[in-house]
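The structure under discussion appears below in the form of structure tokens.
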Amino acid sequence: MSPVFLPFLLEIGCEEIPDWMVPTALENLRLLFEKLGIAHESVTLDATPRRLVLRAEGLPERQPDSEERVLGPAKSAPPKAVAGFARKQGVAPESLGIESTPKGEYYSFVRQVPGRATRDILAEALAGVILGIYFPKTMYWTAKNGPRFIRPIRWIVALLGEEIVPFEIAGVRSGALSSGHRRLGAREIVVSIADYERRLRDHYVILSAAARRDKILSELKNVAVKPDAALLNTLVYITEYPTAITGSFDAEFLELPEEVLVTVMRHHQKYFSVADAGGRLAPQFVAVMNIPSDPEGFVRRGNERVLRARFNDARFFWNTDQKKKLADRVADLAHVTFQAKLGSYLEKTRRMMKLVAELGGDAAAVRAAELSKCDLTTELVKEFTELQGVVGGLYAHVQGEPEPVWQAIYDHYKPESMEDAIPRHRTGQLVGLADKLDTLRGCFGVGLIPTGSRDPFALRRAAQGVVKILVEGNLEIPLLPLLEGNAELQAFFEDRIRFYFKDIRGFAYDEVNAAMAAGWSNLVDLEARLTRIQNLRHSADFEPLAASFKRIKNILQQAQFTGEGAIEESLVEAGPEKDLYEESRRIAGQPIESAVVRLRPKVDLFFDKVLVNAPDARVRRNRLTLLNTLLREFSTIADFSEIVTNS
Amino acid sequence: MLTFQEIIFKLKQYWAERGCVIQEPYDVEVGAGTMCPETFLRVLGPQPYRVAYVQPSRRPADGRYGDNPNRLYKHSQLQVILKPSPEDVIEQYLGSLEAIGIDLQKHDIKFEEDNWEAPTLGAWGIGWQVMLDGLEITQFTYFQQCGGIDLDVVPAELTYGLERLSAFLQVKDSVYEIDWTAGFTYRDVRYLDELQYSVYNFEMADIATLWKLFDLHEGEAARLLKAYDPKALEKRRFPLLPTYDQVLKCSNIFNTLDARGAISVTERVGVIQRVRKLAVGVAQAWADQQIPATAEVAE
């Protein structure tokens with residue numbers, strides 16, 4: 001009989017799952033399913049806010065039969081024991097075999113194990129699979145010690161072929177009943193694997209995220225929305241039946257800074273903003289609703305009113321804030337906590353002013369540092385915290401601060417991510433550095449050090465920002481002296497620097513290790529050295545030479561060579577040793593790029609022909625000195641022994 | 001069109017029909033409906049409970065002298081506690097919106113992640129803000145912890161912002177234009193509260209007096225908490241509810257001092273800790289008080 005293969009459907013019906021957790025949860029579900037070790041042809045995953053769905057094709061109805069070898073008593077055992085073993089296996093003693101093991105010969109029996117029904121395996125495992133999905137934050141909803149999940153599970157569809165895979169989670173039994181759109185579909189809909197997606201569609205649920213995305217995009221086609229992939233993704237995962245609608249607002253609000261308007265639309269209302277023909281902000285927005293149409297305009301008008309209220313608030317805050325200049329708000333920072341153990345923002349401001357001067361900042365930089373945190377006391381930033389910095393910059397601008405000052409305030413939180421740009425000018429870069437370094441030094445100083453996934457003060461981002469600003473701002477400011485000798489902070493920075501050059505800039509890990517081993521305090525210099533190493537790597541002579549450097553380093557270490565003394569020419573033996581010695585003198589002070597080709601054959605020959613550990617202690621010492629000189633000559637760029645070679 | 005008070009009547013009626021006790025507002029100043037004993041204490045322990053009430057909620061720092069169309073010193077929350085939360089709790093909630101005349105086939109409703117947390121109460125939960133045509137109308141929370149205690153039974157808490165909801169339904173751009181009932185607007189009823197409390201909270205509250213009051217209420221709460229004996233036979237008589245009133249007083253005074261700009265950075269963290277300590281103390285004593293003393297069980 002040929003094996004039967006079946007399709008499988010699992011739908012976990014939930015209350016609304018936070019959109020940003022969905023993609024990871026789906027990948028997790030795939031992994032957990034594959035761990036079950038059930039063969040299948042393909043897996044597809046889908047999700048809406050209310051369901052996580054796994055569909056698989058080609059699962060065998062039964063798992064293949066298998067054999068299990070059972071070891072019995074030793075061959076030397078009394079017949080009674082042998083008979084007992086045979087009885088236990090349900091066979092006559094004559095049917096037992098003999099097996100040789102390292103411990104001697106034993107009776108054995110090969111048991112035929114029929115494959116289990118896949119449905120039984122799934123029924124046993126699925127509750128564990130579902131509850132094993134990782135979410136950053138979970139809840140219990142039945143009672144304390146009840147199951148935990150991202151939100152309450154309200155229904156489960158689990159079908160293998162036409163049969164239900166039976167199991168239960170938190171009182172919810174799996175079945176063939178799904179659920180439609182909350183208000184447009186039926187609460188219970190009978191589904192089969194064949195008609196599942198169509199049935200959902202009939203009940204106003206578009207299962208595929210790609211289809212929902214396409215629907216939104218096609219509806220956006222005739223409006224000049226500012227592209228926003230992250231917002232689109234959010235909207236795809238907070239709707240089951242998305243429909244885009246366009247609304248408008250009073251053009252008089254365009255007097256407010258675009259940054260404020262866009263933030264209100266984007267972050268608070270999840271609207272796309274719209275550009276006019278000239279690329280400027282138009283008094284329009286696009287909202288995405290979770291129903292198919294708005295024939296009477298209720299939804300559009302509702303959203304327009306909410307936006308009007310929000311914009312009115314923003315305008316009110318803007319006008320109120322103008323009554324007190326930023327410069328007059330410095331003292332108020334005493335009332336704004338920076339961190340309980342690190343005091344107020346006033347104290348932070350004073351530290352930043354000092355630090356930015358130490359970093360080489362001019363009067364404008366010090367002034368920007370002084371005003372940089374004042375916007376924390378404004379109504380607008382209290383309302384729209386994500387605009388901190390930007391609002392301060394805008395206020396400084398209208399209050400007549402010079403361009404370098406207001407732009408530095410505006411930019412000083414940048415880069416907010418690895419993709420974000422650094423502050424546009426040197427003044428802003430220095431203020432940004434002072435801000436981030438102060439936070440890092442302060443937090444590490446009082447023991448607030450990120451561990452694993454816990455980084456409540458976003459110190460990784462701060463350190464990453466420091467690295468990015470120093471390198472991309474081409475600022476040759478030695479970093480090490482700024483870390484106040486804090487070993488943990490140094491180690492933290494080493495990790496961030498490694499991450500930046502390796503994962504963001506794409507240098508090979510061994511190149512990064514090699515270059516950093518020769519020092520990393522000056523990041524501009526580190527970048528230059530890394531680029532040189534990367535280019536050198538293309539030369540055929542480089543890796544063999546690097547291997548030789550590793551050998552040299554080992555030899556010196558084994559000899560516990562301390563490196564004092566100069567080479568005595570009289571002790572240099574004619575031939576490969578002398579050749580290498582002379583070559584090393586010729587290339588001294590020259591860039592390694594021009595030396596590699598010439599040096600490599602000499603080094604190879606030296607190791608081939610010359611015994612470093614010469615019987616004569618003076619000769620030995622002289623040869624070690626030669627090698628040490630060579631090593632030191634090039635170690636200023638990198639520790640080449642860190643380069644991983646194939647040889 | 002429903003007036004402000006009709007919306008309240010309808011919602012109360014709706015939840016009464018679903019088995020809720022309809023309570024009147026608590027008569028001590030609170031910053032949110034959650035702080036009322038009907039929520040804060042009732043969610044503790046295994047006993048089922050269902051309650052709905054309108055709670056005027058005071059947030060001194062949010063006062064705007066009656067000038068801002070959307071922001072109030074004192075707004076009204078309709079607070080619903082369903083303990084344990086029924087399996088169809090979201091359906092029931094959506095039904096309540098339909099009960100006040102919102103056709104959910106023609107309006108856009110979304111549940112957006114928003115986890116509630118009140119550090120001064122040692123309380124947090126998981127949930128959403130419910131958005132109606134882009135307007136946040138309700139905070140929906142599954143309580144997980146209260147007074148630092150993991151809850152035995154998970155209640156659902158629904159907090160409706162009544163002014164917003166009413167302005168939405170009546171299509172008003174300012175809460176002050178809401179028709180409270182025929183012939184009276186929200187402004188007629190509430191404007192002076194907003195104006196005078198803003199003046200008091202921002203300009204005239206005497207800081208030294210408030211600190212003195214804070215210390216007195218704190219002292220009284222601490223004195224009582226210290227006297228609570230979990231082993232006492234008649235521990236049910238112990239006045240934990242009055243103790244909790246003292247904590248609420250502290251919390252409101254703290255908020256007023258904060259609005260007045262009287263709390264420095266270094267003080268702030270400490271004062272929050274002081275209130276939290278009392279709130280957690282009451283919650284723990286209350287949870288204990290629900291369990292009869294051993295001797296009582298033996299009777």
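Below, read A as the first sequence line, B as the second, and so on, with proteins coming before strands; counting in each chain starts at 1.
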For chain B, which candidate among A/Glu383, A/His268, A/Arg300 shows the most heavy-atom pairs at distances under 4.5 Å?
A/Glu383
B/Val89 portion near chain A, given a 4.5 angstrom heavy-atom threshold
side chain
First locate atom CD of A/Gln269, then atom CG of B/Leu135, and finally report the distance between them rounded to the nearest 0.5 Å.
8.0 Å
Residue part contacting chain B, namely of A/Phe316, when any heavy atom lies under 4.5 Å:
side chain
Hey, mind stepping through B/Met131 and A/Lys270 against side-chain contact (heavy atoms from CB on, under 4.5 Å) and telling me if it holds?
CA-CA 11 Å; B/Met131 309 295 287; A/Lys270 299 194 170 75; over 6 Å; no
Heavy-atom pairs under 4.5 Å with chain A: which of B/Pro69, B/Ala156, B/Gly127, B/Ala167 has the most?
B/Gly127
Taking side-chain contact (heavy atoms from CB on, under 4.5 Å) as the definition, give me every residue that meets it alongside A/Arg308, ordered by chain and number, with sequence neighbours left out.
A/Phe253, A/Arg305, A/Asn312, B/Asp173
Identify which part of A/Thr142 has an atom lying under 4.5 Å from any heavy atom of chain B, answering side chain, backbone, both or neither.
backbone
Members of residues 177-185 of chain A whose heavy atoms come closer than 4.5 Å to chain B
A/Arg182, A/Arg183, A/Leu184
Using a cut-off of 6.0 Å, state whether more than 12 heavy atoms not belonging to A/Lys144 lie near its atom NZ.
yes
Would you mind checking if B/Glu91 and A/Arg154 are paired as a salt bridge, meaning a charged N to carboxylate O distance below 4.0 Å?
no
Can you list everything that forms a ring-ring contact (aromatic ring centres under 6.0 Å, His included) with A/Phe135? Sequence neighbours excluded, please.
A/Phe149
Whatever's closer than 4.5 Å to a heavy atom in chain A on B/Asn70 counts as side chain
With a 4.5 Å cut-off on heavy-atom pairs, point out which of A/Asn145, A/Asp313, A/Ile238 contacts chain B the most.
A/Asp313
Before accepting this row, confirm whether a basic side-chain N of the pair A/Arg187/B/Glu87 lies closer than 4.0 Å to the acidic partner's carboxylate O.
yes
When the 4.5 angstrom heavy-atom criterion is applied to B/Lys83 and chain A, the contacting part is neither
For atom NZ of B/Lys10, is the number of surrounding heavy atoms from other residues, nucleotides or ligands below 6.0 Å larger than 12?
no
Tell me every residue that passes ring-ring contact (aromatic ring centres under 6.0 Å, His included) with A/Tyr237, counting only those two or more places apart in sequence or in another chain.
none
Of the backbone (N, CA, C, O) and the side chain (C-beta and beyond), which part of A/Leu307 lies under 4.5 Å from a heavy atom of chain B, both, or neither?
neither
Counting only non-hydrogen atoms closer than 4.5 Å, does B/Asp150 touch chain A with its backbone (N, CA, C, O), its side chain (CB onward), both, or neither?
both
Which region of B/Arg164, side chain (C-beta onward) or backbone (N, CA, C, O), has a non-hydrogen atom less than 4.5 Å from a non-hydrogen atom of chain A, or is it both or neither?
neither
Just verifying a value: how many Å separate B/His107 NE2 and A/Ile291 CD1, rounded to the nearest 0.5 Å?
8.0 Å
Under 4.5 Å from a heavy atom of chain A, the part of B/Lys110 involved
side chain
Judged by modelled atom types alone, do B/Trp128 and A/Glu15 share a side-chain donor-acceptor pair under 3.5 Å?
no
